[in-house]
Amino acid sequence: MTRLAAEGNRPARDTAKRVAPVWAVLTVVCGGQFLVVLDVSVVNVALPSVRADLGLGETGLQWVVSSYALTYACLLLLGGRIADLFGRERTFLVGLGLFTAASLVGGLAQGPWMLVAARTLQGLGGAVLAPTTLSILTTSFPEGTRRARAIGTWTAVGAGGGTAGGLIGGLLTDYLSWRWVLLVNVPIGTLLLVGAALCLPVRRGGLAQRLDVSGTVLVTAGVAALAYGITMSESHSWTSGHTLLPVALGLIALVLFVRVESRTSEPLVPLRLFRLRSVSVANTVLFAVGAATFAIWYFLSLYMQNVLHYSPVRTGLCLLPHTVSVIVGSKLAPRLMNHVDGRLIGATGGLLAAGGMLWQSTLTAYGTFAGSILGPGVLMMIGVGLLMTPVTTAATSGVPMSEQGVVSGLLNTASQLSGALGLTILATAAANRISSFQAGTDDAGEALVSGYALAFRIGSVFLLVGTALIALLPRWVPRQT
């Protein structure tokens, strides 16, 4: 039986009490990641049904989505550090258990407050779970091609959860009830909990004996205020006090956080990690790439439903090739990395994704599935898969095992904040173009298409910036392990 790799630079007391086949560990961990990413988007399609059943207004509907996203984004660093300090496998079980229980409460919610509270608890569970999934993989697989393959699977499953959310949400809402977009997590989560209890080795945490409370409070408040300000910019301008005040407070809190971390003996985020090129550059690349890719499904869904007049279920089905393509790219990348520098694979993927986005920007009001959705979508998502695997692998290379959790939290936080910021920028640019275009034409479809096309062109610029930065990553040397 294949045994899990020993954690070479963890303290001697951090030993596993049981071993399991690596495929079982990979299945359980990626299952947890799939649930977390799925719930970012699966609820969106069900919102009209939620409003009709529970009587929510526009503000209440926004909080059904935002309560999960904000809690998830602002607690990722804390979740990653808790895993390092108190044991990743125990933390995985706690996060998954909380996420599953919150899903049950949300699915049975009898009022708006109960649903929003459940979504907030889901976000908390997800924030503990997501960085733990990646850190379990990076401490279970040694650096080299085996770790790259595991991260490729993790990337594919995460991206697949994001693209499948719309389809799964539409099918569950249409054929069962909106409640099942949450209740479906319960049997899956329970099965994963049993699998985790049987498969994951039990390890103790690291050497640190206490949590950096001041750093935790500052970074949580800073990220929460920053994310909230970005969210508010969707309904208010960037110069509005509703946007500027939380953004300013968030930046101030983050500056204070850096100052505190530089002076404490057991920091939440050791600042020396940013002296590693692999960590600092990879996070910057993922920030630029996330700003573009997070918005892809948003604008494609709007295009198919508002311009081509597809149903929600048909829209979800049309996005399935995107899911397959990103899985193919993510699984192909580690195989290519056996023979080629990972930077070249990532840069090739970035160029393919940017080219696909430019192709996507040629969409028309009378587009076809093959020419306006399938072709550019496959090119974009294969490119994204090829890019994400080597960059994520690089970000976790050369990092002590005792700090893999916090590095995973950094990666997830960068992706979440960049996605929110990128979507806001692209949506604002699209809305302004649509408004100006409508002033000179009576064709609503053409006006919408002009806005969506501009968003894809701006997104391609973000991708090109991220692709250029890949050259600054350390050279990947394939190691057969």
Side-chain angles (χ1 to χ4, degrees), residues 2 5 21-38 130 133-138 140-165 167-168 282 285-286 289-290 293 296-297 319-356 374-397 408 411-412 415 463 466-467 470 473 476-481:
T2 305
V22 289
W23 64 263
V25 175
L26 188 61
T27 300
V28 169
V29 168
C30 288
Q33 176 68 2
F34 180 83
L35 283 183
V36 172
V37 177
L38 179 71
T133 61
L134 181 57
S135 63
I136 288 176
L137 290 186
T138 56
S140 297
F141 294 84
E143 288 190 24
T145 53
R146 289 179 63 202
R147 180 184 290 185
R149 289 176 183 173
I151 290 177
T153 301
W154 181 86
T155 302
V157 169
T163 56
L167 175 60
I168 294 174
V285 170
L286 290 177
V289 171
T293 56
I296 290 175
W297 301 285
L319 291 176
L320 279 181
H322 294 67
T323 304
V324 174
S325 298
V326 76
I327 291 174
V328 169
S330 299
K331 295 298 290 180
L332 179 61
R335 297 181 180 277
L336 296 175
M337 289 166 65
N338 288 337
H339 312 287
V340 182
D341 187 350
R343 295 177 301 177
L344 180 60
I345 305 302
T348 301
L351 292 175
L352 288 175
L374 181 63
V378 168
L379 188 62
M380 276 191 295
M381 300 320 295
I382 286 180
V384 169
L386 288 173
L387 182 149
M388 294 294 288
T389 298
V391 173
T392 304
T393 302
T396 61
S397 300
S408 301
L411 289 172
N412 281 277
S415 297
L463 280 170
T467 300
I470 290 176
L473 286 170
W476 166 267
V477 180
R479 283 185 285 179
Q480 298 292 339
T481 54

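Quick note: residue numbers are just sequence positions, from 1. These numbers come from the heavy atoms of this one structure, side chains and all, not from hydrogens, waters or symmetry mates.
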Peer 1: Are the side chains of T133 and C30 in touch, meaning some heavy atoms are under 4.5 Å apart?
Peer 2: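 No; the side chains remain at least 4.5 Å from each other.
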Peer 1: Can you confirm whether T153 sits close enough to K331 that some side-chain heavy atom of one is under 4.5 Å from a side-chain heavy atom of the other?
Peer 2: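 A side-chain contact exists here, since the closest heavy-atom pair is under 4.5 Å.
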Peer 1: Is any side-chain heavy atom of M381 closer than 4.5 Å to a side-chain heavy atom of I296?
Peer 2: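 Side chain of M381 against side chain of I296, heavy atoms only: contact under 4.5 Å found.
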Peer 1: Can you name the nearest heavy-atom pair linking T389 to A333, along with the distance?
Peer 2: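 The answer is CB-CB, 3.8 Å.
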Peer 1: Please test T392 against W154 for side chain to side chain contact (heavy atoms under 4.5 Å, CB included), starting from the C-alpha separation and ending with a verdict.
Peer 2: CA-CA 10 Å; T392 304; W154 181 86; 4.3 Å; yes
Peer 1: Closest heavy-atom contact between G356 and P376?
Peer 2: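 Result for this residue pair: O-CB, 3.6 Å.
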Peer 1: Would you say T348 and T467 make side-chain contact, with heavy atoms under 4.5 Å?
Peer 2: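 No, their side chains stay 4.5 Å or more apart.
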Peer 1: So among L374, I382, L379, which one has a side-chain contact (heavy atoms from CB on, under 4.5 Å) with S325?
Peer 2: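 So the option named by the test is I382.
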Peer 1: So L386 and L336, side chain to side chain contact (heavy atoms under 4.5 Å, CB included) or not? Walk me through it.
Peer 2: CA-CA 9 Å; L386 288 173; L336 296 175; 4.2 Å; yes
Peer 1: Is the shortest side-chain heavy-atom distance between H339 and I345 below 4.5 Å?
Peer 2: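 When only atoms from C-beta onward are counted, I345 and H339 do not touch, as no gap falls below 4.5 Å.
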Peer 1: Nearest 0.5 angstrom please: I151 CD1 to L26 CG, how far?
Peer 2: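 These two atoms lie 11.0 Å from each other.
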Peer 1: Considering only heavy atoms from C-beta outward, does the side chain of L134 approach that of V29 to under 4.5 Å?
Peer 2: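 A side-chain contact under 4.5 Å is absent here.
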Peer 1: Take L387 and I470 through the test side chain to side chain contact (heavy atoms under 4.5 Å, CB included) and record every step on the way to the result.
Peer 2: CA-CA 9 Å; L387 182 149; I470 290 176; 4.0 Å; yes
Peer 1: Taking all non-hydrogen atoms of both residues into account, name the closest pair between A282 and L473 and its distance.
Peer 2: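 Distance-wise, the nearest heavy atoms are N-CD2, 3.7 Å.
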Peer 1: Rounded to the nearest 0.5 Å, what separation is found between the CE atom of M337 and the OG1 atom of T393?
Peer 2: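 The OG1 atom of T393 is 4.5 Å from CE of M337, to the nearest 0.5 Å.
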Peer 1: Walk me through whether L286 and M388 qualify under side chain to side chain contact (heavy atoms under 4.5 Å, CB included).
Peer 2: CA-CA 8 Å; L286 290 177; M388 294 294 288; 3.6 Å; yes
